[in-house]
Amino acid sequence: MNNSEDRAQSPEHRTQSTEHRIKTEEHITQSHALIRCDGIWKIYNEGKPNEVRALSEVSLSVERGKFVAIHGPSGSGKTTFISIIGSLERPSRGTITIDGKNIAGFSDAALSSLRRRRIGFVFQDYNLIPGLCAWENVSVPLIPEGIAKKQRKERAAGLLKTFGLDGRAEHPPEEMSGGERQRVAIARALVNGPDILILDEPTSNIDKESVSGLTDILNSLKAEGRTIIVSTHQETLSGNADVVYELTKGRITGHKDYNGPNL
Amino acid sequence: MIHLNIFYAAAGNIARHNLKSMIVVLCLSAILVPFISALSISEGTKKQSMISVEQGADIYLTMDMYGRNGMIPAALSGEIEKIDGVTEAVPRVIGRIYVEGRLAVLLGLPEKRFASAAGFIDGPPPVRDGIVIGKGLAESLGLRTGSDLSIGVRIFAILEHVPYIQKKVYTVSGIFDAESSIWTSSLILMDIEEAIAMFEMEGFVSDIAVYVQPGHTQQVVESIQKMNSFFRVQTKGTAMTYMERGFNTKNGVFASLYTLAFAVAIPLVLMLSGFGLSERRKEVGILKATGWHTHEVLEMVFYENLVLSLIAASFSYVLSFIWVRLLNGAFISRIFIPGIESMSSFPVPAEFSGMQLFLSFFVSLVLTMSGSIYPAWRTAVIPPAEAVR
């Protein structure tokens with residue numbers, strides 16, 4: 001047994017995490033969870049001197065159509081956690097189920113299919129492809145779908161128009177503001193029609209005006225029935241969420257459900 | 001449609017990373033241009049040599065001397081001519097000579113043979129002290145009919161153990177032209193008696209060229225071998241086989257050197273194609289994050305390599321054509337044509353074909369695929385969150 005496992009199963013940790021898991025599981029069983037994380041660990045360089053424990057036994061559930069915020073300070077493991085929920089990373093231990101299927105055991109191909117059909121992910125720094133104009137960036141997920149260029153462009157332009165970027169479709173990201181880039185990234189995440197939208201720190205690189213615009217976009221997407229998960233260290237977005245999970249040093253330390261019981 | 005979409009995306013990537021694409025094409029061309037040029041010169045030289053053999057005699061006869069071709073008595077040509085099926089037996093003297101400090105080939109033939117070769121001779125058959133020289137040689141030395149030319153022969157007097165160069169001045173009595181640029185640039189024709197005297201081989205000749213009736217070659221060979229077991233008989237077929245084998249060996253050596261060059265080039269292409277760079281790694285991570293499958297990423301990389309290879313092969317083919325045709329294969333032609341200068345004075349024979357274009361495309365594709373597919377696969381299978389980090 002290595003160091004991390006020793007620490008993971010030390011009596012003190014075990015007591016804390018077990019109490020926490022019981023509370024969370026009580027809540028999960030009361031709901032119809034779309035996404036359910038159970039005892040998620042993420043340990044980088046496990047067993048090595050530079051081992052980093054990013055997440056420790058994190059459990060939560062997300063109901064369909066809800067707006068969930070993962071709130072916590074910088075370095076609390078928010079990005080790692082939502083990357084795992086977004087199937088961009090695998091947990092070291094634990095299970096994560098979407099519609100009852102444990103995606104932690106999915107193959108690379110199955111995860112790609114899941115991302116293509118069900119999950120739209122917006123990175124903190126947007127990760128748009130330089131040199132491609134806005135509509136081309138938005139339509140990147142449609143390329144392997146076999147959709148013709150004309151249709152791709154139409155669909156991308158439609159989304160850009162929805163987000164107030166109809167005049168910017170031919171501009172590359174390098175010529176856009178932070179807020180505009182973010183909206184392009186959201187459009188790209190939505191272009192395949194996913195039911196789950198995940199945004200990593202969406203307010204960190206935009207001004208107050210853009211934050212307000214983003215809130216409107218997220219509210220309208222929620223109204224469409226999409227499940228939205230946002231990681232943030234600011235209260236601005238958390239205030240609009242149905243459920244807020246507090247993440248501190250890789251552990252869930254609090255939970256507020258504005259539509260249900262608070263733990 | 002999926003594949004077409006991915007292909008267009010790959011073509012778009014090449015245009016988007018135009019500087020990088022250009023560098024990859026240039027690197028590939030640096031490898032491919034000498035490759036295509038060498039192949040074309042090799043093919044051209046081989047073709048001309050084969051034509052020479054094809055148009056030559058059916059059988060070449062020499063004496064076995066220390067296991068090699070040795071001189072043969074000139075008088076034997078009369079006896080060979082009497083063999084059933086033989087139409088003509090021509091004694092020949094062949095040797096390397098020096099003219100104006102450069103190597104040339106001297107061919108001594110009986111006067112009657114000049115008559116049959118007169119179709120390509122401009123001027124009368126050579127008389128005593130006269131020579132007929134190739135058009136290319138005449139142009140490079142500034143000679144015309146009536147000019148004098150000093151010819152030197154290396155002689156080794158066996159008994160005295162003394163090597164020396166014997167020189168004599170001849171008059172150009174005629175100039176010949178032929179299909180083969182190699183011959184017109186290096187061949188000098190001379191009366192056989194004069195050639196025998198020049199090489200100090202009184203009573204002997206280098207070989208006897210035997211012409212036979214169609215279908216009689218084997219029968220004549222057997223008759224000659226019965227006459228004397230010391231005869232070395234080489235038919236047109238065996239001459240062609242040896243020649244082909246020689247060219248193939250040269251090509252083989254050249255190909256081996258190129259394999260080594262490719263081994264060096266692969267890491268270069270790997271470095272330049274950008275899959276080791278964070279920019280490309282991030283791009284692959286974004287594609288995976290947006291739902292692309294690993295095999296779709298690899299398909300796109302394959303198409304990128306396909307397009308780059310096509311561009312590189314076509315570009316290299318054009319550059320090779322310029323190098324060989326306009327620059328006359330400077331520096332590279334001497335690998336395949338022995339005894340010529342770096343800047344050849346005659347048109348270097350070359351044959352360009354679709355096969356060379358295909359070969360260079362194939363080599364480019366192997367090179368770019370080796371340099372990029374594995375790094376691309378490695379990038380594509382790591383978690384997207386890690387790739388974009």
Side-chain angles (χ1 to χ4, degrees), chain A residues 42 44 54 79-91 107-133 136-149 151-152 172 185 188-194 198 200, chain B residues 1-22 273-275 277-304 307 373-374 376-389:
Chain A
K42 184 65 188 179
Y44 294 104
T79 298
T80 303
F81 186 44
I82 65 162
S83 293
I84 289 171
I85 298 175
S87 74
L88 300 181
E89 199 151 11
R90 290 179 190 274
S107 66
D108 178 65
L111 286 176
S112 288
S113 297
L114 178 75
R115 289 192 291 266
R116 186 181 291 186
R117 307 263 171 256
R118 308 279 316 263
I119 301 171
F121 198 97
V122 181
F123 293 94
Q124 183 177 359
D125 50 2
Y126 319 128
N127 279 333
L128 299 174
I129 298 175
L132 292 184
C133 68
E136 287 171 328
N137 262 295
V138 172
S139 72
V140 161
L142 301 177
I143 292 172
E145 288 282 88
I147 298 167
K149 186 181 175 183
Q151 278 80 49
R152 292 204 309 267
R188 182 179 65 187
L190 293 172
V191 77
N192 263 338
I198 300 172
D200 184 18
Chain B
M1 195 63 193
I2 294 173
H3 304 297
L4 201 62
N5 275 0
I6 295 175
F7 178 81
Y8 284 136
N13 285 347
I14 290 172
R16 197 156 49 85
H17 300 289
N18 50 9
L19 182 65
K20 203 183 289 171
S21 304
M22 207 164 73
S273 62
F275 273 102
L277 302 178
S278 58
E279 184 191 344
R280 206 64 211 270
R281 178 185 158 103
K282 198 169 183 176
E283 211 169 290
V284 171
I286 293 168
L287 296 180
K288 286 300 300 282
T290 56
W292 282 54
H293 285 266
T294 298
H295 68 85
E296 289 160 349
V297 172
L298 296 183
E299 187 178 337
M300 188 180 74
V301 172
F302 171 74
Y303 290 146
E304 284 177 9
V307 174
I373 208 80
Y374 177 65
W377 175 78
R378 277 188 57 185
T379 309
V381 293
I382 61 171
E386 196 181 316
V388 299
R389 208 169 279 147

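Here is how names work: the chains are called A, B, and so on, in the same order as the sequence lines, proteins then strands, and each is numbered from 1.
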Interchain contact, [X] with chain B, by part (heavy-atom threshold 4.5 Å):
X	result
A/S113	both
A/I119	neither
A/R188	side chain
A/Y44	side chain

Between the side chain of B/W292 and the main-chain N/O of A/V140, is any donor-acceptor distance below 3.5 Å?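 The answer is yes, because a donor-acceptor pair under 3.5 Å joins these two groups.
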Please rank A/A189, A/P144, A/P141, A/A148 by heavy-atom pairs under 4.5 Å with chain B and give me the top one.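 Heavy-atom pair counts peak at A/P144.
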Kindly compute the distance separating [atom1] ([X]) from [atom2] ([Y]), expressed to the nearest 0.5 Å.
X	Y	atom1	atom2	answer
B/I2	A/I147	CD1	CD1	9.5 Å
B/E283	A/L132	CD	CG	7.0 Å
B/I286	A/N137	CD1	CG	8.0 Å
A/S87	B/K288	OG	NZ	10.0 Å

Select, from B/A289, B/A15, B/A9, B/A380, the one with the greatest count of heavy-atom pairs under 4.5 Å involving chain A.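 Of the options given, most contacts go to B/A289.
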Could you tell me if the side chain of B/L287 sits less than 4.5 Å from the side chain of A/I129, heavy atoms only?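 Yes, at least one pair of side-chain atoms sits under 4.5 Å.
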Is the shortest distance from a Lys or Arg side-chain nitrogen in B/R16 or A/E136 to a carboxylate oxygen in the other one below 4.0 Å?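 Not counted as a salt bridge, because no side-chain N and carboxylate O are separated by less than 4.0 Å.
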Heavy-atom pair with the smallest gap, counting every atom of A/G146 and B/M1: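 Of all heavy-atom pairs spanning A/G146 and B/M1, the closest is O-CG, 3.0 Å.
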At their closest point, which heavy atom of A/A109 faces which heavy atom of B/H293, and how far apart are they?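 Distance-wise, the nearest heavy atoms are O-CE1, 3.0 Å.
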side-chain hydrogen bond (donor to acceptor under 3.5 Å, both in side chains) with A/Q151: which residues, sequence neighbours excluded?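 Applying side-chain hydrogen bond (donor to acceptor under 3.5 Å, both in side chains) to A/Q151 gives none.
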Give the C-alpha distance, both sets of side-chain angles, the deciding distance and a yes or no for salt bridge (Lys or Arg N to Asp or Glu O under 4.0 Å) between B/E296 and A/R116. CA-CA 13 Å; B/E296 289 160 349; A/R116 186 181 291 186; 2.5 Å; yes
